[in-house]
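These numbers come from the heavy atoms of this one structure, side chains and all, not from hydrogens, waters or symmetry mates.
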Amino acid sequence: MTEPSTAQITPAIKNTLIGMRRQIDRVVAEPGKLTRAVYETLTTAGQLAHDESRVRWFGSGFTLRSEATTELLRSVRGYLAMRDMDAVGSQGVCVLTGPANVGKSTTLLQLAKEVEARTERRHPGFRDDGRVPVVSIEMLPGATPKGVATSILDFFGVPHRQRDAHQVLIRQAAEVMALRRTSLLIVDEFHAVQLDGRRGDDAINTVKAIINNTGVVTVLAGIDLDLQLGSHAAEQLMARGETHRHAPFDYASESSRQSWTRLVDAFAKQMYLIDGPPDLSPYADALHSLTEGRIGALRRILGFALLTMLEEKPSPADPETLLEEHMGAGSRRLVAAQKPRKRKAA
């Protein structure tokens with residue numbers, strides 16, 4: 001049987017140049033601040049449209065930049081500015097690590113947006129010229145050491161065969177990145193690659209070879225990578241840069257509790273409730289307990305609570321108030337979404 005080439009296998013749209021730029025260019029319109037008098041004069045369709053726009057905005061329309069995010073953006077910005085194409089192997093490497101739901105992928109999207117925006121300022125119309133300053137790929141569960149190179153080729157839509165030699169795939173990936181003048185490589189979910197033993201060294205050496213052949217600055221992101229990258233090859237790679245850990249919000253001290261409360265208040269302001277931002281401070285302790293201080297989980301609970309409140313309003317004239325029952329509905333939806341599904345017996 002003839003082995004299919006990847007030209008016959010469509011990669012996930014997210015893992016392609018088109019998919020990445022679709023994410024970068026996506027803009028969710030910020031809802032206007034309507035007074036109650038204006039809101040009540042809208043037609044039923046107009047009120048529903050405004051409610052939907054508020055839910056969309058809260059779900060994915062804004063980002064709250066943390067100190068950890070700012071530090072990573074500054075580091076990558078510095079590495080890109082000091083990038084020396086003639087100094088093989090000298091390019092910076094940033095490892096972005098931490099548990100799930102702390103904002104790592106959101107930070108990576110911000111980084112890709114910033115690099116493309118800076119490229120547009122320096123080289124107007126760069127996309128029309130074929131420039132691709134950022135390559136952003138996401139490793140899939142069970143990825144092999146070849147996965148980094150093949151994912152880059154899939155990103156650009158370059159046909160290849162899975163049985164091609166590892167070094168051939170690396171060379172092809174490096175050539176297309178050099179041709180498109182890529183300066184930043186982002187590898188998300190890097191923990192999906194087996195990182196222990198020889199296969200782990202092969203994966204690390206693949207990244208090193210691509211860096212050496214292209215001069216790209218690289219960001220490796222994943223869950224608790226700092227605990228998994230312990231081999232000699234990994235230590236050599238990490239010595240080229242630094243590790244940034246996105247940690248959940250702590251709750252052990254008064255200052256950390258105040259930081260969490262400020263974060264909850266910042267989310268409340270983005271709900272655009274007709275009667276003003278809700279006072280969520282009474283729920284701060286419970287929200288931290290439910291989310292374990294993870295910003296992604298907090299956003300989902302509050303988003304579900306907002307949706308529940310808007311859907312269950314008896315009439316447009318009723319006050320928009322987030323009640324304990326709405327918060328409870330939000331937390332139950334989060335738990336249900338995170339609960340693993342049981343497999344049916346064959």
Side-chain angles (χ1 to χ4, degrees), residues 14 19-35 39 47-74 76-77 96 98 100-118 120 134 136 186 188 221 244 246-249 258-281 283-284 287-288 290-291 293-311 320-322 326-327 330-331 333-334 337:
K14 182 181 178 181
M20 181 193 74
R21 284 185 167 163
R22 187 175 293 172
Q23 285 186 296
I24 288 175
D25 296 341
R26 180 173 178 266
V27 177
V28 177
E30 185 170 1
K33 295 182 179 180
L34 301 186
T35 63
Y39 180 72
Q47 290 170 350
L48 288 174
H50 184 67
D51 293 349
E52 290 170 358
S53 71
R54 287 187 282 173
V55 172
R56 280 196 302 272
W57 172 258
F58 193 86
S60 59
F62 67 95
T63 55
L64 297 175
R65 183 173 293 190
S66 66
E67 183 178 343
T69 298
T70 300
E71 288 180 358
L72 176 71
L73 294 176
R74 286 174 177 169
V76 174
R77 196 181 301 136
L96 176 61
N101 285 324
V102 293
K104 297 186 299 297
S105 294
T106 300
T107 295
L108 296 178
L109 180 58
Q110 287 182 257
L111 178 59
K113 285 183 176 181
E114 179 176 301
V115 172
E116 283 234 335
R118 290 171 67 88
E120 176 63 30
V134 183
S136 181
I186 298 173
D188 198 6
H244 295 263
H246 273 30
F249 277 75
Q258 289 176 357
S259 295
W260 175 256
T261 301
R262 285 195 296 270
L263 176 68
V264 172
D265 289 342
F267 272 113
K269 292 175 182 176
Q270 298 299 328
M271 291 183 172
Y272 284 97
L273 298 192
I274 300 300
D275 301 307
D279 179 13
L280 300 181
S281 56
Y283 304 106
L287 287 169
H288 190 275
L290 285 166
T291 63
R294 304 184 187 206
I295 191 171
L298 174 64
R299 187 174 202 148
R300 283 198 292 279
I301 284 182
L302 294 179
F304 287 142
L306 172 64
L307 177 63
T308 301
M309 185 272 292
L310 292 174
E311 286 181 338
E320 292 190 346
T321 306
L322 276 182
H326 302 136
M327 306 298 286
S331 61
R333 290 197 194 187
L334 175 69

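For the side-chain contact (heavy atoms from CB on, under 4.5 Å) test, residues two or more places apart in sequence or in another chain that qualify with L108 are L96, I186, D188, V219, A221. The side-chain contact (heavy atoms from CB on, under 4.5 Å) test applied to A100 returns I223, R294, not counting sequence neighbours. For D265, the side chain to side chain donor-acceptor pair (under 3.5 Å) test picks out no residue, with sequence neighbours left out. Checked against side-chain contact (heavy atoms from CB on, under 4.5 Å), Q270 has the following partners two or more places apart in sequence or in another chain: W57, F58, F62, Y272. Residues that satisfy the ring pair (Phe, Tyr, Trp, His ring centres under 6.0 Å) test with H246, not counting sequence neighbours, are absent from this structure. In this structure R21 satisfies the side-chain contact (heavy atoms from CB on, under 4.5 Å) test together with L17, D25, E116, F126, R127, V132, P133, sequence neighbours excluded.
The side-chain heavy atoms of L310 and E52, taken from C-beta on, include no pair separated by under 4.5 Å.
With rounding to the nearest 0.5 Å, the separation of CG in L322 from OG1 in T308 is 9.5 Å. Here OG of S281 is found 13.5 Å from CZ of R262. Values are rounded to the nearest 0.5 Å. With rounding to the nearest 0.5 angstrom, the CD1 atom of I24 is 12.0 Å from the CD atom of Q110.
A donor-acceptor contact under 3.5 angstrom links the side chains of T107 and T69, judged on distance only. No hydrogens or angles considered: nothing links the side chains of R299 and N101 as a donor-acceptor pair under 3.5 Å. There is a side-chain donor-acceptor pair under 3.5 Å between D51 and Y39.
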Side chain to side chain donor-acceptor pair (under 3.5 Å) between S60 and R26, intermediate numbers included: CA-CA 10 Å; S60 59; R26 180 173 178 266; 3.0 Å; yes

Between R54 and E30, does the salt bridge (Lys or Arg N to Asp or Glu O under 4.0 Å) criterion hold? Intermediate values first, please. CA-CA 8 Å; R54 287 187 282 173; E30 185 170 1; over 6 Å; no

Mind running side-chain contact (heavy atoms from CB on, under 4.5 Å) on V115 and R77 for me, showing each step along the way? CA-CA 8 Å; V115 172; R77 196 181 301 136; over 6 Å; no

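Side-chain N or O atoms of H326 include none that pairs as donor or acceptor with a backbone N or O of F304 at under 3.5 Å. In this structure a side-chain-to-backbone donor-acceptor pair under 3.5 Å is present from E320 to I274.
Only one option out of L306, L287, L298 pairs with F267 in a side chain to side chain contact (heavy atoms under 4.5 Å, CB included); it is L298.
Nearest heavy-atom pair, V102 versus A247, reported as atom, atom and distance to 0.1 Å: CG1-C, 4.2 Å.
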